[in-house]
Amino acid sequence: MVNAAAIVAAAALLGAVPVSAGLYSKNSPVLQLDGKSYDRLIAQSNYTSIVEFYAPWCGHCKNLQPAYEKAAKSLAGLAKVGAVDCDEESNKPFCGSFGVQGFPTLKIVKPGKTPGKPIVEDYNGPRTAKGIVDALVDKIPNYVKKVEDKTLEKWLADSKDTPKAILFTDKGKTSALMKSIAIEFKGAIEVAQIRNTDKEKASKELFGITEFPTLLLLPGGKEAKEGIIYDGELKKEPMVKFLSQAASPNPDPAPPKVKVSKSKEKKKDEKKKEEKKASKDKEEFESASSSHASQDGQTAGATATEEVLEEAPTESPQPEVDTQKPIVLPDPAPLISTIETEAELATECLGERTGTCILVLLPETSDEISQKAITSLSELAHKYKQRQRSIFPFYGVSSANPSSKNLKASLKLGDTTQIIAVNGRRGWWRQASETLSEQDVTEESIENFVDAIRLGEGSKKKIPAGMIPETPEEPSETEEADVTVTLEKPAVTETILVEEVKEEAVEEKADVHDEL
Ligand SMILES: *[C@@H]1O[C@H](CO)[C@@H](O)[C@H](O)[C@H]1NC(C)=O
């Protein structure tokens, strides 16, 4: 019979079984990503990356897998190769925020001017290892300075105490390997290359270089006489080790910032605030939810039990946090849904009879603000759910959704991430902030915005005429015809592939929607 030991054993076994069967195993050279690790490993990186958005059951994804892993192997140390399983429930909004519509979708992510705000572009090249490797190698950021006899002195004098490394080479082009070395030591060692030509003599003579290629390290940054010549293999690992005697390579990912836990005082304050709101909550909740009653079966039950739950402790008491002990994190909040189609937005939030919705209008490329906004709203939704309290729905609206552009245009909003509240039935809308800063997208700030809406505080604007369609729009036949025309445009050899992909995308879209 079942005994405690058997249960423990079974639980241990279950724990060992992978939760989801993604395409890439643990030992794969392909990094498996989700929203959080994407931010840490890809968005914050000084390297260029490629990210595949896939579903494990998709045929083209399975076909791509061997080539993709081969590319990852060739690019090891030069560029990052990652994949996101968009079939994983918790990844869906993340995939949606990239406007992923079909699988596989490949995006190249290059570091931008501001750390953490990369430039994302589509990869539409051949789905072969070579195609991917060539495209990525071409986009590795180049921090290797090309120096000549006449510029050497100035280069040595600039940031003169920073250690320097010089590659003397016959080649004019900078290799991917040298670029990766410069990235590895970005900000810590200045890297240059000097080409070996007949007319460039002074530099070679200054450092006594006679063989090419030669890597020279100047640990103090300027003195020729202290130069150390590298005599190992021209491979990344030993070269990094050699240069590490002058400065440490950048840790990747960057070490996490330490989060300070909230003081007890603050917790108490929040609780008081919470209680004060409770009575007003109910009114707003009832009016806000009445229009959702038909869509949300839980509503009736929640209303009936709310009073009781209000009195009972709504969550287990906060343990005394001992700073010596590791803090056990609560369950992560599931991310809020992303609305991909015009029709869905119309039925959920922009109808004649829809109640209050909070919408995050996402930018074309996901960035720190948009991700943080989604995370904060997800945390908030989760908090309400855990307390079994009802709240109007929160949604992300993908920039791929045509409504998003229209909405931004008719409400005269910028192209960046926007957080708005709308109420179709009552014809009002409100914006959290004209331009969202990092502070505006913390859970606290967003909660304040949501609270103001719940409590009916602050001024609302009238929805411009025509924004709420009188009848939900159906996709017109002409639009469908257009799609077919585009499909026939690509070269004959590619048409089949493109058509297959589009077909799959259409099927998938239906699927993703049902579950979102
Ligand atoms: C990126 O480069 C900067 C120097 O410009 C460095 O401080 C930072 O640690 C690097 N980040 C990573 C993740 O390597």
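Basis for what follows: all heavy atoms, side chains included, without hydrogens, waters or symmetry-related copies.
- A donor-acceptor contact closer than 3.5 angstrom is absent between the side chains of Ser399 and Glu364.
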*Would Asn196 and Thr169 count as a side chain to side chain contact (heavy atoms under 4.5 Å, CB included) if you check the C-alpha gap in whole Å, the side-chain angles of each, and the deciding distance to 0.1 Å?*
CA-CA 6 Å; Asn196 174 33; Thr169 171; over 6 Å; no
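- For NZ of Lys70, the number of neighbouring non-hydrogen atoms (other residues, nucleotides, ligands) closer than 6.0 Å is 12 at most.
- For the pair Leu106 and Asp122, the minimum side-chain heavy-atom distance is 4.5 Å or more.
- Side-chain atoms of Asn401 and Ser404 form no donor-acceptor pair, as typed in the model, at a separation below 3.5 Å.
- The 12-atom threshold is exceeded at CG of Asp170, counting heavy atoms of other residues, nucleotides or ligands nearer than 6.0 Å.
- If you check the side chains of Tyr47 and Glu184, you find a donor sitting under 3.5 Å from an acceptor.
- In this structure, Val450 and Leu380 have side chains that are in contact, with non-hydrogen atoms separated by less than 4.5 Å.
- Heavy atoms from other residues, nucleotides or ligands lying under 6.0 Å from CG of Asp415 number 12 at most.
- Applying the side chain to side chain contact (heavy atoms under 4.5 Å, CB included) criterion to Asn142, with sequence neighbours excluded, gives Val144, Thr174, Lys179.
- Using cut-offs of 30° and 60° for the angle between ring planes, the Phe98 and Tyr38 rings count as perpendicular.
- Residue Ile358 comes nearest to Ala421 through the heavy atom pair CD1-CB, 3.8 Å, listed as atom of the first residue, atom of the second, then distance.
- Residue Lys236 places its NZ atom among more than 12 non-hydrogen atoms of other residues, nucleotides or ligands, all under 6.0 Å distant.
- For the residue pair Thr356 and Asn423, a side-chain donor N or O sits within less than 3.5 Å of a side-chain acceptor on the partner.
- The aromatic ring centres of Phe242 and Tyr230 sit less than 6.0 Å apart.
- Between the side chains of Asp87 and Trp57, at least one donor-acceptor pair of N or O atoms lies under 3.5 Å.
- Ring geometry for Tyr68 versus Tyr24: interplanar angle of 30 to 60°, hence tilted.
- Side chain to side chain, Thr375 and Ser378 fail the donor-acceptor criterion of an N or O pair below 3.5 Å.
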